[in-house]
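These notes are about the structure you will find just below.
Whatever order the structure lists them in is the order used to number ligands and atoms, beginning at 1.
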Amino acid sequence: MSTVLVLNGPNLNLLGERKPEVYGSTSLADVERLCAARTTELGHELSFRQSNHEGELIDWIHAAGPEVRAGRCLGAVYNPGAHAHTSIALRDAIEGVQLPVVEVHISNVHAREGFRHHSYISEVARGVVVGLGVRGYPLAITALVELAAEDGRR
Ligand code: DQA
């Protein structure tokens, strides 16, 4: 059994209250339950986190890299929120520790404002799930676990 890390960036603590017409009415606690159910089905354990602080997210990513190499963690499902569009530091952190990441966006960022169309994180992600609502999280967990198995990391 390995850990699946699910990371959430700024403002995702407001899920369910913020712009429900865009992000839906599901809370982050509900998303955690969805993720826990899928991770358990797949025989692994979940570590689910959210931060509004770039440095804290960088520290979590740095700590996850060695856990992946030690075979204790499969990688991260990561919704970077607006950091996707702004943070070279988070992009470099993922690249720096070679963390396998499946990026998730709840909304279809490509159907929204132009500044949401580019993600620095996508450049270093194994794959991206966009615009499928919160069901993107369990889909991304399934993909992360299958990719790890293909890589011989389970
Ligand atoms: C988001 C999309 C981002 O553009 C936005 O800043 C968010 C949420 C999403 O899940 O759709 O905070 O990552």
Contact atoms of ligand 1, heavy-atom distance to V109 under 4.0 Å: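 Near V109, meaning under 4.0 Å from one of its heavy atoms, ligand 1 has 2 (C), 4 (O).
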
K19, R18, E113, E103: member with heavy atom nearest to atom 12 (O) of ligand 1: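 Shortest heavy-atom distance from atom 12 (O) of ligand 1: R18.
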
Verdict with supporting geometry, R49 and S47, side-chain hydrogen bond (donor to acceptor under 3.5 Å, both in side chains): CA-CA 7 Å; R49 303 178 198 178; S47 176; 3.1 Å; yes

Polar atom proximity, R112 to ligand 1 (N or O, under 3.5 Å):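 R112 vs ligand 1: no N/O contact under 3.5 Å.
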
Under 3.5 Å: N/O of P80 near N/O of ligand 1: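 Looking only at distances, the answer is no, because the N/O contact criterion of under 3.5 Å is not met.
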
Mode of V22 contact toward ligand 1 - side chain, backbone, both, neither (heavy atoms, under 4.0 Å):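 No part of V22 is near ligand 1 at this cut-off.
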
S107 versus R112, side-chain donor and acceptor atoms under 3.5 Å: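 Note: R112 and S107 side chains meet the donor-acceptor criterion.
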
E45 versus T39, side-chain donor and acceptor atoms under 3.5 Å: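 Judged by distance alone, the side chains do not pair up.
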
For [atom], what's the nearest protein heavy atom and its distance?
atom	answer
atom 11 (O) of ligand 1	S107 OG, 2.6 Å
atom 4 (O) of ligand 1	H85 NE2, 2.7 Å
atom 9 (C) of ligand 1	I106 N, 3.3 Å
atom 1 (C) of ligand 1	H105 ND1, 3.6 Å

Test item: T142 side-chain N/O and P138 main-chain N/O as donor-acceptor pair under 3.5 Å: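 Answer holds: yes.
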
Ligand 1 contacted by N11 (non-hydrogen, < 4.0 Å):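 In this structure, N11 fails to qualify as a contact of ligand 1 - no heavy atom is under 4.0 Å.
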
Cluster overlap L99 with L57, hydrophobic side-chain contacts below 4.5 Å: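 Same hydrophobic cluster.
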
Whether Y137 and F48 hold their rings parallel, tilted or perpendicular, with breakpoints at 30° and 60°: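 Y137 and F48: tilted rings.
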
L12: which of N79, V31, L7, N52 passes side chain to side chain contact (heavy atoms under 4.5 Å, CB included):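 Looking at N79, V31, L7, N52, the match for L12 under the side chain to side chain contact (heavy atoms under 4.5 Å, CB included) is N79.
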
